[in-house]
Amino acid sequence: MEINYKIENNVAIISWNMTTSPMNVLNDISIPEFESHLQNAYADPSVKGIVITSEKNEFIAGADVKMLLKNNDKDPAETYKFSLDFNNIFRRLETCGKPVVAAINGTALGGGYEVCLSCHYRIALDNPKAQIGLPEVQLGLLPGGGGTQRLPRIIGMEQALMLMVEGKRVNPKEAHSLGMVNDLASSREELMDKAIKWVLANPNAIQPWDEIDKKTGAIKARENYKVPGGNVQSPTGMRTFAGGTAMIMDKTKGNYPAPIAILSCVYEGLQVNMDRAIAVEVRYFVKVATSREAKNLIGVMFLGKNEADKGASRPKDIPKTEVKKLGILGAGFMGAGIAYVSAMAGIEVVLKDVSLENAEKGKEYSRGLIKKGIERGKTTAEKGEQLLSLIKTTDAAEDLKGCDLIIEAVFENRELKATVTKEAEPMLAEGGVFGSNTSTLPISGLAKASAKPENFIGIHFFSPVDKMMLVELIRGKETSDYAVALAVDYVKKIRKTPIVVNDSRGFYTSRCFGTYTSEGIALLKDGVDPILIENAGKNAGMPVGALAVSDEVALDLALKISGQAIKDGALGEDDTTYQVTKLMVEDLGRLGKKNKKGFYEYPADGKKYLWEGLAEYFPVAETQPDIEEVKKRLLYRQVVESIKCMDEGVLITKLDGNIGSILAWGFPAYAGGTLNFPDFVGTETFLKECDRLADTYGERFRLTSQQKELVKTL
Ligand code: NAD
């Protein structure tokens, strides 16, 4: 039994309590059982009404994502039937002729909240941690259980669209103020009491969009239901749709079909009666549920990321480790962030810098974040003090004694890193591991300063540390499985996503991300209009244009990195990034955002704009390429480099490659990450295009026959 059924005071109580799943979810097991309980309640003349609730902490967390992913591979006709059958349960529920109340005892998301929407009345337990909403859009889907039709009819189009298009979740109090639930209860007892009372007091409850046919006495759907706040054709309605479309296009550039499909469902559905409205929603649901975008968002961003979060790349057979005391060398921008996220996870932190004053400055960073957190109601002063008490500042190496892990985040200088490694490593507890947060220096080289290179590893955080969810762990030549396992366990403890890669110039993430900026620079040198380069990057789904992000990272840094690669023989003197950044930095003194002069100008009193002087050094060609071609160059370059990383063994798993590309540098999630991209565009098309791009623009797009074979297995 997944769902319990009992009758109390002539009211059927249908209470979810799944045993086959850790949370209550709608799946192949629970849906038929739920339906059969409902049928019993409809058929039993002694039952005056129904209360739906749960015995777990959550009400119903949503539909089982694995079931949703299965829909993606099915014939659309089968998905259509599935969706129609699913909706019939809800439609039958609201027209069963007996009052039905949702006693929402906890989180009700997606299909879980759609169950509530088809009830005649909704009461929620006022638990600030519970979440209510329709977040399907985040999986590339739309609310497919009538949510796009019922929510706007209950709370109005504008609010409903905002919630569904952004997939926003709210707590019960907010849900109440928005009208998403009708009443709140302060305890489970009160919740059930109120629910049963409402059922008994409202024997003739029907949905506002239905009416009783006077001749037959049957319930029928009404065409002319007045939506709160105005119908589709009202001035507010028209404004909502025009504004909504513009906002979605600005955000998604048309790369994600679900938000526009939600808009269409509401637009079409609100002009017809509920039965026809459901048919509208089913039609759009099938379209998005079988899309490649949904497959990638569910398969990679949800299920894949979950796997990575659980430590999919952790070497097996190493007993669980725990970092209780962490040392951090360098309380600068990165060190301060690492201290904050570690103390947040309850880890004791020793934050060391060259002076106590510097170390204190690093701790100030945590104080600032806590202050913001308190202002936003995310934390309390007491919790903030607790966190701060875990961070000990120092300038003395002895204070690092007994650390399970030490992470160095001092200046990016090989000699300095060697000195601090030698000084701090002897302070480690037995079995302790030393990590470097270097962004560019190969780990195997840095490990030479270590007395225990098997316990030396790269722990590459991204900035800002508190916001960026990925940590790239880099195995040096001698790094042991034990050190990797300890680092993965630490990253899991601070609730970030770990990926594990092998050592390489720029590791995986910086190396591939660098190809985005360098292709942007190559396009500039080829005479492509800079505004087209920037627009194409964003249209392709990258968060920032290639030139803008080059400015942000700093042009002198790009010059330093390419210069070092030339010295090491990895690049030739004619490298475009080297040539262009050399001109920008050495001849023109333009370092990027940091000196307010780069490819862009950064006026003190306004928004950045592309520097007009660029045209003098990089003349804009008379004939400009199609935007699709520019998008292709920008995306394919990153994908080709990722395939090379896989081929060279820098990447160990496809999952890490995909998750890393999305979380580290914002490669488009709709494509499922760099290594899913060939499948997204079609493997044969992809391979042909790589050859064409290589013939037209240069060998950097060329894949070897071995790499082509590899693409076919991805
Ligand atoms: P930063 O300049 O903000 O901080 C460096 C800190 O190290 C300074 O506070 C400095 O006083 C301290 N320091 C210098 N010598 C020291 C010593 N002997 N002992 C203890 N502390 C010492 O630099 P950052 O941006 O935080 O970068 C630190 C490291 O992280 C670099 O290796 C960098 O490449 C890497 N990294 C930076 C970013 C980023 O976006 N900033 C991202 C990933 C990795």
Side-chain angles (χ1 to χ4, degrees), residues 326-342 349-366 368 391-400 403 406-427 434-443 445-447 449 456-474 491 496 499 501 505-514 517 544 549-558 560-561 564 591-594 660 663-666:
L326 169 74
I328 300 171
L329 310 179
F333 185 51
M334 297 303 287
I338 299 168
Y340 174 76
V341 296
S342 303
V349 175
V350 181
L351 185 57
K352 180 188 178 291
D353 208 298
V354 284
S355 68
L356 201 54
E357 197 189 345
N358 275 9
E360 273 298 321
K361 233 199 225 156
K363 189 169 171 177
E364 263 317 297
Y365 182 76
S366 287
I391 305 176
K392 179 182 163 60
T393 52
T394 184
D395 58 358
E398 298 80 64
D399 286 330
L400 298 163
C403 282
I406 294 178
I407 301 175
E408 70 77 12
V410 299
F411 302 129
E412 189 75 341
N413 174 302
R414 216 177 295 230
E415 289 72 39
L416 176 63
K417 286 190 189 288
T419 310
V420 300
T421 305
K422 283 191 185 125
E423 183 189 36
E425 205 178 41
M427 304 296 153
F434 194 93
S436 170
N437 182 45
T438 175
S439 38
T440 55
L441 303 169
I443 294 303
L446 292 179
F456 192 100
I457 188 169
I459 304 185
H460 184 200
F461 282 88
F462 298 83
S463 75
V465 177
D466 59 304
K467 294 227 172 71
M468 297 293 284
M469 292 318 291
L470 191 82
V471 182
E472 183 181 29
L473 301 174
I474 305 121
V491 175
K496 297 211 179 271
I499 62 167
V501 306
R505 182 179 298 281
F507 322 127
Y508 164 57
T509 58
S510 306
R511 172 172 163 181
C512 293
F513 168 62
T517 51
V544 188
V549 81
S550 300
D551 268 5
E552 272 170 36
V553 173
L555 302 182
D556 58 334
L557 185 65
K560 193 173 151 200
I561 294 171
Q564 184 64 45
L591 310 187
K593 195 173 175 185
K594 69 183 191 192
L663 297 187
W665 75 91

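Both ligands and their constituent atoms are indexed starting at 1 by order of listing.
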Note: ligand 1 atoms sitting under 4.0 Å from heavy atoms of Ser463 are 40 (O)

Sequence neighbours excluded, the answer for side chain to side chain donor-acceptor pair (under 3.5 Å) partners of Arg505 is Asp568

* Heteroatom proximity flag, Leu329 to ligand 1, N/O under 3.5 Å -> no

Residue, atom and distance of the protein heavy atom nearest atom 2 (O) of ligand 1 read Phe411 CE2, 3.2 Å

heavy-atom search around atom 22 (C) of ligand 1 in the protein gives Val410 CG1, 3.4 Å

re atom 44 (C) of ligand 1, the protein heavy-atom contact at minimum distance is Asn437 O, 3.2 Å

So CG of Leu351 and OG of Ser342: to nearest 0.5 Å the spacing works out to 10.0 Å

of all protein heavy atoms, closest to atom 32 (O) of ligand 1 is Glu412 OE1, 2.5 Å

Closest to atom 39 (C) of ligand 1 (heavy atoms only, candidates Glu472, Met334, Glu408) is Met334

- Does an N or O from Phe462, backbone or side chain, lie closer than 3.5 Å to an N or O of ligand 1? no

Can a protein heavy atom be found under 4.0 Å away from atom 13 (N) of ligand 1?
yes

Of all heavy-atom pairs linking Gly327 and Leu400, the shortest is CA-CD2, 3.8 Å

Is Val491 close to Leu473 at the side-chain level, that is, under 4.5 Å between some pair of heavy atoms? yes

With heavy atoms and a 4.0 Å threshold, my read on which part of Phe461 contacts ligand 1 is backbone

Step through the shown structure and confirm whether more than 12 heavy atoms of other residues, nucleotides or ligands are within 6.0 Å of NZ on Lys496.
yes

- Using a strict 4.0 Å threshold on nitrogen-to-oxygen distance, state whether Lys594 and Asp556 make a salt bridge. yes

Counting heavy atoms under 4.0 Å, the part of Val420 that contacts ligand 1 is side chain

If we number the atoms of ligand 1 from 1 as shown, the ones under 4.0 Å from a heavy atom of Phe333 are 3 (O), 25 (O), 26 (O), 41 (N)

A student comparing Ala409, Gly330, Ala554 should find that the heavy atom closest to atom 21 (N) of ligand 1 comes from Gly330

Going by the 4.0 angstrom heavy-atom rule, the piece of His460 near ligand 1 is side chain

Please state whether the rings of Phe513 and Trp665 are parallel, tilted or perpendicular, taking 30° and 60° as the class boundaries.
tilted

### Query
Sub-3.5 Å donor-acceptor pair from the side chain of Lys352 to the main-chain atoms of Ala397, do we have one?
no

Legend entry - Short N or O distance, Lys417 and ligand 1, threshold 3.5 Å exclusive: yes

Per side-chain contact (heavy atoms from CB on, under 4.5 Å), Thr438 is matched among Arg414, Lys417, His460 by Lys417

### Message
Please check whether Asn358 reaches ligand 1 - meaning an N/O of the residue sits under 3.5 Å from an N/O of the ligand, judged on distance alone.
### Response
yes

Sorted by chain and residue number, the ring pair (Phe, Tyr, Trp, His ring centres under 6.0 Å) partners of Tyr365 (sequence neighbours excluded) come out as none

Looking only at non-hydrogen atoms, the one of Val354, Asp353, Ile459 nearest atom 8 (C) of ligand 1 is Asp353

Phe507 and Ile443, any side-chain heavy atoms less than 4.5 Å apart
yes

At under 4.0 Å between heavy atoms, what of Leu416 touches ligand 1? The answer is side chain

Nearest non-hydrogen protein atom to atom 6 (C) of ligand 1, with distance, is Gly332 N, 3.8 Å

Ligand 1 to Lys352, heavy atom cutoff 4.0 Å, flagged ligand atoms 19 (N), 20 (C), 21 (N)

Do other residues, nucleotides or ligands put more than 12 heavy atoms under 6.0 Å from the CD atom of Gln564?
yes

